[in-house]
Asks: 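I have a structure here, written as structure tokens, and I will follow up with some questions on it.
Throughout, numbering of the chain's residues begins at 1 and tracks the sequence.
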Amino acid sequence: MSSQEERRLSEIRDMLDPKEFDIWGLIRRANTTDPYILMAKHRMNKSPSKRAKTTGKLVGRRRRRVSTAESVDGDSNRSVTSLDMYDEGPGDDFDFDAEEEVHDSRSPMEHCQDMYNKACKEFGVHPVANFHNALKTDKCVLRHRQMTADEIKAIAVALVVNGSVETLDLSDNDMGEKGAEYLADALRENTFVRSLDLGYNNLRVDGVRHIVNIVVKQDTVNSLSLSGNGLRECDSEVIRPLIENTIHLQHLDLSHNQLRECGGEVIGEALLYNDTMESLDLSWNHLRRDGACFVAEGLGENICLKKLNLAWNGFYLDGCRALAKALEINKTLTELDLTCNRISKECLEKLIGGLRRNTTLEIIRLGWNPITPAGAMMMLEFLRDNKASGIKELDLTDQLVEPAFVALLGELEAKREVKVIFGQVKGQDTRGDDDDEKQLMDENPIIVLMEFGKLMGFRLMDLFAALDKDGSKSLDHDEIRTGLRMVNIPLSDKCIEMLINKLDVDGDGEIDFGELMAAQTEHRKKMSKFYAAQEGDVDIEDTEIGRVRIKLSRLMAKKMSGNPAFKRQSKMLLEQMGILDEAP
């Protein structure tokens with residue numbers, strides 16, 4: 001090899017930084033005898049391949065000249081270096097000995113699995129069976145694992161040579177900045193992944209930057225989730241390229257961050273330049289009034305967005321006024337989520353002003369807003385009087401309505417296709433007749449209490465220890481009843497009594513901590529089945545944990561909507577008792 005060739009290969013190795021992530025070294029060692037690669041190279045050179053009878057080493061192959069051509073960003077062409085990494089010396093063409101010809105029956109996907117196993121061994125981590133099996137499929141779901149950087153590194157090695165996985169879900173794994181860097185290195189070579197979910201991975205701004213840079217550069221991903229990764233207002237510029245500089249990215253989830261007003265301004269400006277994105281989730285981002293106005297201005301000029309989620313952002317009057325102007329202009333949006341945005345009846349009036357001139361919006365969600373029964377009636381009358389409106393679904397979740405609302409809805413449904421979701425009808429008391437509450441009484445009481453603790457942010461053992469004033473390591477019925485009412489469990493008195501009686505298995509009037517510890521162990525086993533169901537893309541309602549969690553969540557939502565201070569009061573009480581684990 002000439003000095004110029006050696007110098008160029010040295011530069012390439014430095015750019016790949018093998019000290020940090022020797023992914024390419026692993027691939028070279030694993031692929032050296034791969035017949036697919038060898039034969040592809042020799043077909044390109046139009047020369048046969050032979051193996052020497054004595055040593056079994058590759059000798060005498062015609063060397064292909066190493067190109068010094070570079071891509072726009074300075075990276076060398078990988079196919080050239082890949083060909084060169086298998087050359088072992090100068091010489092003439094040779095033939096394989098017929099008796100010693102290499103035959104490998106492995107499929108490319110089996111080879112990819114071998115790569116993963118070797119990488120795990122190299123980095124000293126245990127292979128994950130679900131990921132190993134998914135390498136042969138088009139969908140890989142690997143959530144809630146809390147994986148180390150080395151585990152992500154092994155996954156990245158396998159993804160470099162994988163050509164089947166198109167949907168990759170690695171959400172809630174706490175991979176951090178380093179894990180994001182490894183994954184970005186893999187995506188630099190893998191252009192088959194189309195849907196990428198990295199939500200709740202503690203990436204922060206530096207980790208998100210790694211992902212954004214490679215997604216924008218490759219522009220092959222069409223769905224990306226970066227929700228819950230700790231992005232702050234000062235980090236908003238990092239995500240601008242995802243909207244402004246991509247063509248194939250159609251679905252972007254930035255929910256559960258803290259982009260606030262500056263983030264709203266950046267996203268609003270970026271929407272002016274995007275003409276391919278179809279859905280954008282900005283829920284739970286503290287956009288408030290100014291941020292809401294900027295996003296609304298961008299929406300007005302945008303010509304492609306079909307679905308926009310702005311829930312839990314505090315739009316109030318100014319935000320609704322800006323949205324009304326945007327809806328007058330926008331001709332593509334079909335779904336708008338404004339759940340819990342402090343939208344009062346006055347705000348709704350402004351919003352309806354924009355809806356009068358809009359014919360494309362089909363779904364609008366206004367649940368958990370103080371629009372009042374009069375506001376709900378006003379919205380229904382708007383649908384009745386504006387036949388040109390395209391709204392087919394109106395979500396007023398948990399909004400109290402008058403009996404006249406139900407009567408008008410019946411008339412409206414007879415004339416047009418429309419679905420309306422609303423809460424309790426005034427004058428019709430349904431307390432004590434809640435299906436979710438009744439069904440919870442058929443579940444394991446320990447599972448119910450532990451899942452309630454998770455939702456509220458405390459551990460059941462800590463609660464019971466706080467209630468055990470005499471230190472007897474047991475609680476009587478009165479102590480448990482008092483404790484459950486103090487933490488605002490969303491059950492009626494009758495259901496609480498049923499729950500306590502089921503906890504007292506031996507009927508001695510007390511529940512000791514030993515029974516709770518045994519039940520806690522059983523709960524962990526059930527949680528494993530719950531996670532397995534999630535990763536296996538199975539309906540979580542088919543698991544005991546899933547059923548209980550969904551029913552409790554619905555009851556909690558109803559409790560909070562009826563009393564806005566419910567969650568705050570409960571949290572303060574738990575803090576005073578010293579048992580608050582973390583915010584749910």
Asks: So do Cys320 and Leu348 actually touch side chain to side chain, heavy atoms under 4.5 Å?
Replies: no
Asks: Taking only residues at least two apart or on different chains, which pairs with a member in residues 263-283 satisfy salt bridge (charged side-chain N to carboxylate O under 4.0 Å, His left out)?
Replies: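 Listed once each, the pairs are Arg240-Glu269.
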Asks: Give a yes or no on whether the backbone of Ala326 and the side-chain of Asn330 come within a donor-acceptor separation of less than 3.5 Å.
Replies: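 No, because the side chain of Asn330 does not come within donor-acceptor range (under 3.5 Å) of the backbone of Ala326.
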Asks: Okay, side chain of Asn173, backbone of Ser171: is any donor-acceptor separation there less than 3.5 Å?
Replies: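 Yes.
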Asks: Which heavy-atom pair separates Gly263 from Ser236 by the least distance, and what is that distance?
Replies: CA-CB, 3.5 Å
Asks: What's the separation between atom CG in Leu361 and atom CD in Glu335, rounded to the nearest 0.5 Å?
Replies: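 Those atoms lie 8.5 Å apart.
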Asks: State whether the number of non-hydrogen atoms from other residues, nucleotides or ligands found under 6.0 Å of Lys419 atom NZ is greater than 12.
Replies: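 No, not enclosed.
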Asks: Would you mind reporting whether Leu408 and Arg384 have side-chain heavy atoms less than 4.5 Å apart?
Replies: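 In short, these two side chains touch, coming nearer than 4.5 Å.
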Asks: State, to 0.1 Å, how close Met277 and Gln250 come at their nearest heavy-atom pair, and which atoms those are.
Replies: CG-O, 3.4 Å
Asks: Can you tell me if Asn358 and Arg356 form a side-chain donor-acceptor pair at under 3.5 Å?
Replies: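 Per modelled atom types, Asn358 and Arg356 side chains form no pair under 3.5 Å.
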Asks: Roughly how far apart are Ile352 CD1 and Cys347 SG, rounded to 0.5 Å?
Replies: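 Ile352 CD1 to Cys347 SG: 11.5 Å, rounded to 0.5 Å.
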Asks: I need the Thr167 OG1 to Lys139 NZ distance, nearest 0.5 Å.
Replies: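 So the gap between those two atoms works out to 6.5 Å.
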Asks: Over all heavy atoms of both residues, which pair between Leu380 and Leu409 is shortest? Give the atoms and the distance, please.
Replies: CD2-N, 3.7 Å
Asks: What pair of heavy atoms forms the shortest contact from Val401 to Pro373, and how long is it?
Replies: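 Looking at all heavy atoms of both residues, the closest pair is CA-CB, 4.4 Å.
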Asks: Do side-chain atoms of Asp235 reach the backbone of Arg204 as a donor and acceptor pair under 3.5 angstrom?
Replies: no
Asks: Quick one: closest heavy-atom pair of Asn229 and Tyr200, and the distance?
Replies: ND2-N, 3.9 Å
Asks: If every non-hydrogen atom of Trp312 is compared with every non-hydrogen atom of Asn341, which pair is closest and at what distance?
Replies: N-ND2, 3.7 Å
Asks: Any sub-3.5 Å donor-acceptor pair from Asn130's side-chain atoms to Leu142's backbone N or O?
Replies: no
Asks: What I want to find out is whether Glu177 reaches Arg209 closely enough, with some N-O distance under 4.0 Å, to be called a salt bridge.
Replies: no
Asks: Count the heavy atoms belonging to other residues, nucleotides or ligands that lie under 6.0 Å from CZ of Arg416, then report whether that count exceeds 12.
Replies: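 Atom CZ in Arg416 is crowded, with more than 12 foreign heavy atoms closer than 6.0 Å.
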Asks: Side chain of Asn213, backbone of His210: donor and acceptor closer than 3.5 Å?
Replies: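 The answer is no, because no donor-acceptor pair under 3.5 Å joins these two groups.
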Asks: In Å, rounded to the nearest 0.5 Å, how long is the span from CG of Leu203 to CD1 of Ile211?
Replies: 6.5 Å
Asks: Are Leu351 and Phe315 side-chain neighbours, meaning at least one heavy-atom pair lies under 4.5 Å?
Replies: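 A side-chain contact is absent here, since even the closest heavy-atom pair is not under 4.5 Å.
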Asks: Answer yes when Lys426 and Glu402 have at least one side-chain N-carboxylate O distance shorter than 4.0 Å, and no when they do not.
Replies: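 A salt bridge is present here (some side-chain N lies under 4.0 Å from a carboxylate O).
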Asks: Using only atom types and a distance under 3.5 Å, with no angle test, would you say the side chain of Asn309 pairs donor to acceptor with the backbone of Ser283?
Replies: no
Asks: Mind checking what makes salt bridge (charged side-chain N to carboxylate O under 4.0 Å, His left out) contact with Asp219, not counting sequence neighbours?
Replies: none
Asks: Within the structure provided, determine whether Arg194 and His248 are in side-chain contact (heavy-atom separation under 4.5 Å).
Replies: no
Asks: Could you go through Leu183 and Leu170, starting from their C-alpha distance and side-chain angles, then the distance that decides it, and tell me whether this counts as side-chain contact (heavy atoms from CB on, under 4.5 Å)?
Replies: CA-CA 10 Å; Leu183 190 61; Leu170 296 176; 4.1 Å; yes
Asks: Check for a donor-acceptor pair, side chain of Asn285 on one end and backbone N or O of Leu254 on the other, with a separation under 3.5 Å.
Replies: yes
Asks: With a 4.0 Å cut-off, would you call Glu346 and Lys350 a salt bridge?
Replies: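 Salt bridge absent between Glu346 and Lys350.
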Asks: CG of Asp395 to OG1 of Thr397: how many Å apart, nearest 0.5 Å?
Replies: 3.0 Å
Asks: In the structure I gave you, are the side-chain heavy atoms of Ile267 and Ile239 within less than 4.5 Å of one another anywhere?
Replies: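 Ile267 vs Ile239: side chains touch.
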Asks: Determine yes or no for a side-chain-to-main-chain donor-acceptor pair under 3.5 angstrom, with Thr360 supplying the side chain and Thr334 the backbone.
Replies: no
Asks: Can you tell whether the side chains of Glu328 and Lys325 come within less than 4.0 Å, N to carboxylate O?
Replies: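 No, this pair does not count.
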Asks: How long is the span from the CD atom in Glu411 to the CD atom in Glu413, to the nearest 0.5 Å?
Replies: 11.0 Å
Asks: Apply side-chain contact (heavy atoms from CB on, under 4.5 Å) to the pair Met379 and Ile371, showing each step before the final yes or no.
Replies: CA-CA 10 Å; Met379 192 67 194; Ile371 64 176; 5.9 Å; no
Asks: Quick one: are Phe422 and Val406 in side-chain contact, heavy atoms under 4.5 Å?
Replies: yes
Asks: Do Leu355 and Ile364 touch side chain to side chain, with heavy atoms closer than 4.5 Å?
Replies: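 In short, these two side chains touch, coming nearer than 4.5 Å.
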Asks: Would you say Phe382 has more than 12 foreign heavy atoms packed within less than 6.0 Å of its CZ?
Replies: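 Yes.
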Asks: Suppose the criterion is salt bridge (charged side-chain N to carboxylate O under 4.0 Å, His left out): which pairs have a residue in residues 293-317, not counting sequence neighbours?
Replies: none
Asks: Look at the side chain of Asn302 and the backbone N and O of Leu271, then say whether any donor-acceptor pair between them is shorter than 3.5 Å.
Replies: yes
Asks: Donor-acceptor pair, distance only, cut-off 3.5 Å: does the side chain of Asn257 make one with the backbone of Leu259?
Replies: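 Such a contact is absent between Asn257 side chain and Leu259 backbone.
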Asks: For the residue pair Leu299 and Leu323, establish whether any side-chain heavy-atom pair is separated by less than 4.5 Å.
Replies: yes
Asks: Please report the C-alpha distance between Arg288 and Asp290 in whole Å, then the side-chain angles of each, then the deciding distance to 0.1 Å, and finally whether the side-chain contact (heavy atoms from CB on, under 4.5 Å) criterion is met.
Replies: CA-CA 6 Å; Arg288 304 303 180 190; Asp290 291 341; over 6 Å; no
Asks: Classify the angle between the aromatic ring planes of His256 and Trp284 as parallel (below 30°), tilted (30 to 60°) or perpendicular (above 60°).
Replies: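 Taking Trp284 first and then His256, their aromatic rings lie parallel (interplane angle under 30°).
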Asks: Between Ile391 and Val418, does the side-chain contact (heavy atoms from CB on, under 4.5 Å) criterion hold? Intermediate values first, please.
Replies: CA-CA 7 Å; Ile391 294 178; Val418 62; 5.5 Å; no
Asks: Please check if the number of heavy atoms outside Gln146 that lie under 6.0 Å from its CD is greater than 12.
Replies: yes
Asks: Is it true that atom CD1 of Ile247 has more than 12 heavy atoms of other residues, nucleotides or ligands lying nearer than 6.0 Å?
Replies: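 Counting neighbours around CD1 of Ile247, 12 or fewer heavy atoms of other residues, nucleotides or ligands fall under 6.0 Å, so no.
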